[in-house]
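Here the structure is a predicted model, which means the values were calculated and not measured.
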Amino acid sequence: MKRTIILTLMAACALFSGCRRDAITDGHFGPGEGGLSLKVASDGRYITKANDEINNFTITITRPADGWTKEFVRFGDMPQVLELGSGDYTIVAESPSKEDAAFDQPIYYGTADFTIKTGELTPVSLTCSLTNMMVTFETSDNFRNELSAYTVTITNAASWTAEDAESRTLVWDKDAVDANTPGYFTVATLLVKVDAYRNVDNSETHATMVIRNVAAKDHHIINLDARVTGQLGGENGGVVLVIDDTVNDKDQNVDIPGFDEVPVDGGNEGDDESDDPSPVEESEDPVSSTAPTMTWEANPTFAPTTIADGMDVNILINAPEKIAGFVVNVNSMELAPVIAVLGGAADSEVSEYDMDLINDATMIESLDSMGLGIPTGDALKGQTEVLFSLSALVPMISLYQPESGAEHIFTLTVTDEAGQSLVKALTFVSE
């Protein structure tokens, strides 16, 4: 959806001194003075919400030559006639609120340069356009009929950190989705997660996707559909969620399947699988060994750690023979599907996924664009010492409201150029 606001400004010379209607009426200005008359018009397509009501726009006029600036917090409070001195000026009109994520918050911005000449009236036209992106939803009959409840969580991933995750995230419940409540995000990659519950047995199904190709004025229409796969309750039964994203005039469709709800059988008798997800331990003699080692100063014993904002998950990795491979296995019902989508996986119906931080170009690009501070590529390959951080990634799990006490295991596998490997598991527990 494109909303455009046209502001037509009549500008002339002299300094701001308030309202002087007689100067305009008589056509005469004082020495070195002139009048500025501001007229506002719109194309009539915008709605009068708090953030796109023209009278609420902030107006700023600057004279670059000497840095002189005049600001009006509300256009509605701006005098009809102003005075300016001769010279070159820049005018900016913009929406008052500029949150990274908010409901019903289109952000408009427009700027123009103009020159004032003594004794003359100079007309200036200024167009304010949408600078952020809008997200709305369309739901199919199947989606509404098959599911009793659902939520959609979308996070703006620009320079994402745990500390500002909440300010970059919007959550729609069933009523908000059904009402097609619009959400607005500043321009950045969007992470989308749908959590739903079936009518028939209240079992869960999930879907995730990443919207990377984004721009100002984009209207992301997310079409939600549910397909029943197999017979409900059977071995192959389930509901598949389909997310279709259409951006402005671009022909872009993304289908992300949800979980099929296939029952998981217990292990076979005689299986001798250890509960310890770290099959390879550090050398008992690290002084004489050249195998890789890991040190977690904030948690020297690598004990299970409760997930919290601001947590310290900085692992110092030493590899005297130089790092050749670095893979992180994420075992988490909540985060693994998101990681799978970041890696470009065709199937996000997973509870664990491997992040190859040296060889997977798609994964590397996705992680780097999110600003999580996770070293990738050449920051790992060939290095003998690396400070590896998961401090920003792990708290993302809380965005998806996991069950209290749920464990999320990150297994780090580091291989050096001599073929030596170190596998270490980090366990994080939801509050």
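The shortest distance between side-chain heavy atoms of P375 and L357 does not fall below 4.5 Å. Residues M311 and D309 are not in side-chain contact: their nearest non-hydrogen atoms beyond the backbone lie 4.5 Å or more apart. Side-chain contact check for K381 versus I323: every heavy-atom pair is 4.5 Å or farther apart. A 4.5 Å side-chain heavy-atom check between L426 and I409 finds every atom pair outside the cut-off. Looking only at side-chain heavy atoms (C-beta outward), L367 and M355 come within less than 4.5 Å of each other. Under the 4.5 Å side-chain criterion, counting only non-hydrogen atoms from C-beta, L335 is in contact with L393. Residues M133 and K217 form no side-chain contact, since every pair of their non-hydrogen atoms from C-beta on lies 4.5 Å or further apart. Side-chain contact between L190 and H220 is present, with at least one heavy-atom pair separated by less than 4.5 Å.
Within the 3.5 Å criterion, the main-chain N or O of Y150 finds no donor-acceptor partner in the side chain of D195. Under a 3.5 Å cut-off, the side chain of D218 and the backbone N or O of A215 do form a donor-acceptor pair. Between the side chain of E321 and the main chain of A291, no donor-acceptor pair closer than 3.5 Å is present. At least one donor-acceptor pair closer than 3.5 Å links the side chain of T58 to the backbone N or O of V73. T111 places a side-chain N or O within donor-acceptor distance of the main-chain N or O of I91, the cut-off being under 3.5 Å. Between the T305 side chain and the A303 main chain, a donor and an acceptor come within less than 3.5 Å of each other. A donor-acceptor pair is defined here as one N or O able to donate and one able to accept, closer than 3.5 Å; such a pair exists between the side chain of N132 and the backbone of Q105. Using a distance-only test at 3.5 Å, with no hydrogens or angles considered, a donor-acceptor pair links the side chain of T131 to the main chain of I107. A donor-acceptor pair under 3.5 Å is formed between the side chain of S148 and the backbone N or O of Y197. Judged by distance alone, the side chain of S95 and the main-chain N or O of Y108 form a donor-acceptor pair under 3.5 Å.
A salt bridge is defined here as a Lys NZ or Arg NE, NH1 or NH2 lying under 4.0 Å from an Asp or Glu carboxylate O, and K322 with D416 fails to meet this definition. Salt-bridge formation is detected for the pair D141/R144: a Lys NZ or Arg NE/NH1/NH2 atom is positioned less than 4.0 Å from an Asp or Glu carboxylate oxygen.
Residue I374 holds its CD1 atom at 9.0 Å from CG of D368, rounded to the nearest 0.5 Å. Y400 OH to E334 CD: the interatomic distance, rounded to the nearest 0.5 Å, is 10.0 Å. The CG atom of N199 sits 7.0 Å away from the CG atom of L147 when rounded to the nearest 0.5 Å. Atom CG of L390 is separated from atom CE of M396 by 12.0 Å, given to the nearest 0.5 angstrom.
A donor-acceptor pair shorter than 3.5 Å can be found between the side chains of S140 and D225. A donor atom on one side chain and an acceptor atom on the other are found under 3.5 Å apart for T186 and N156. T62 and T90 share no side-chain donor-acceptor pair at under 3.5 Å. Looking at S430 and H408, their side chains do bring a donor and an acceptor atom within 3.5 Å of each other. In this structure, a donor-acceptor pair under 3.5 Å is absent between the side chains of Y184 and D100. Side-chain contact annotation: S389 with N314, donor-acceptor N/O pair under 3.5 Å present. No donor-acceptor contact under 3.5 angstrom links the side chains of T151 and D173, judged on distance only. Judged purely by distance below 3.5 Å, without hydrogens or angles, the side chains of N329 and E352 pair a donor atom with an acceptor atom. Counting only N and O atoms by type, the side chains of Q420 and T290 include a donor and acceptor under 3.5 Å apart.
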Open item on the list: As a quick check of understanding, evaluate side-chain contact (heavy atoms from CB on, under 4.5 Å) for V135 and I154, giving each step before the final call.
Closed with: CA-CA 9 Å; V135 173; I154 302 182; 3.7 Å; yes
TODO: Please lay out, stage by stage, how T115 and Y89 fare under the test side-chain contact (heavy atoms from CB on, under 4.5 Å).
DONE: CA-CA 6 Å; T115 300; Y89 290 85; over 6 Å; no
Open item on the list: Does T413 form a side-chain contact (heavy atoms from CB on, under 4.5 Å) with L422? I'd like the steps, not just the answer.
Closed with: CA-CA 6 Å; T413 302; L422 169 64; over 6 Å; no
Open item on the list: Using the rule given for side-chain contact (heavy atoms from CB on, under 4.5 Å), can you reason through L387 versus I315, listing the C-alpha separation, both sets of side-chain angles and the distance that settles it, and then say yes or no?
Closed with: CA-CA 6 Å; L387 185 61; I315 314 297; over 6 Å; no
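For P106 against L130, the heavy-atom pair with the smallest separation is CB-CD1, 3.4 Å. Of all the heavy atoms in V328 and F326, the pair that sits closest is CG2-CE2, 3.7 Å. Listed here is the closest heavy atom pair of T415 and S421: OG1-OG, 3.1 Å. Closest approach of I364 and N359 over heavy atoms only: CD1-N, 4.5 Å. When all heavy atoms of A93 and F57 are compared, the pair lying nearest together is CB-CD2, 4.5 Å. Between P182 and W172 the shortest heavy-atom distance is C-CZ2, 4.4 Å.
Cation-pi geometry between K424 and F302 is satisfied (NZ or CZ under 6.0 Å from the ring centre, within 45° of the ring normal).
Counting non-hydrogen atoms of neighbouring residues, nucleotides and ligands closer than 6.0 angstrom, the CD atom of E365 reaches no more than 12 such neighbours. Within a 6.0 Å sphere centred on CD of Q401, heavy atoms belonging to other residues, nucleotides or ligands number 12 at most. Annotation for N202: atom CG counts as buried by contact number, over 12 foreign heavy atoms lying within 6.0 Å.
The aromatic rings of F428 and W296 sit tilted relative to each other, their planes meeting at an angle between 30° and 60°.
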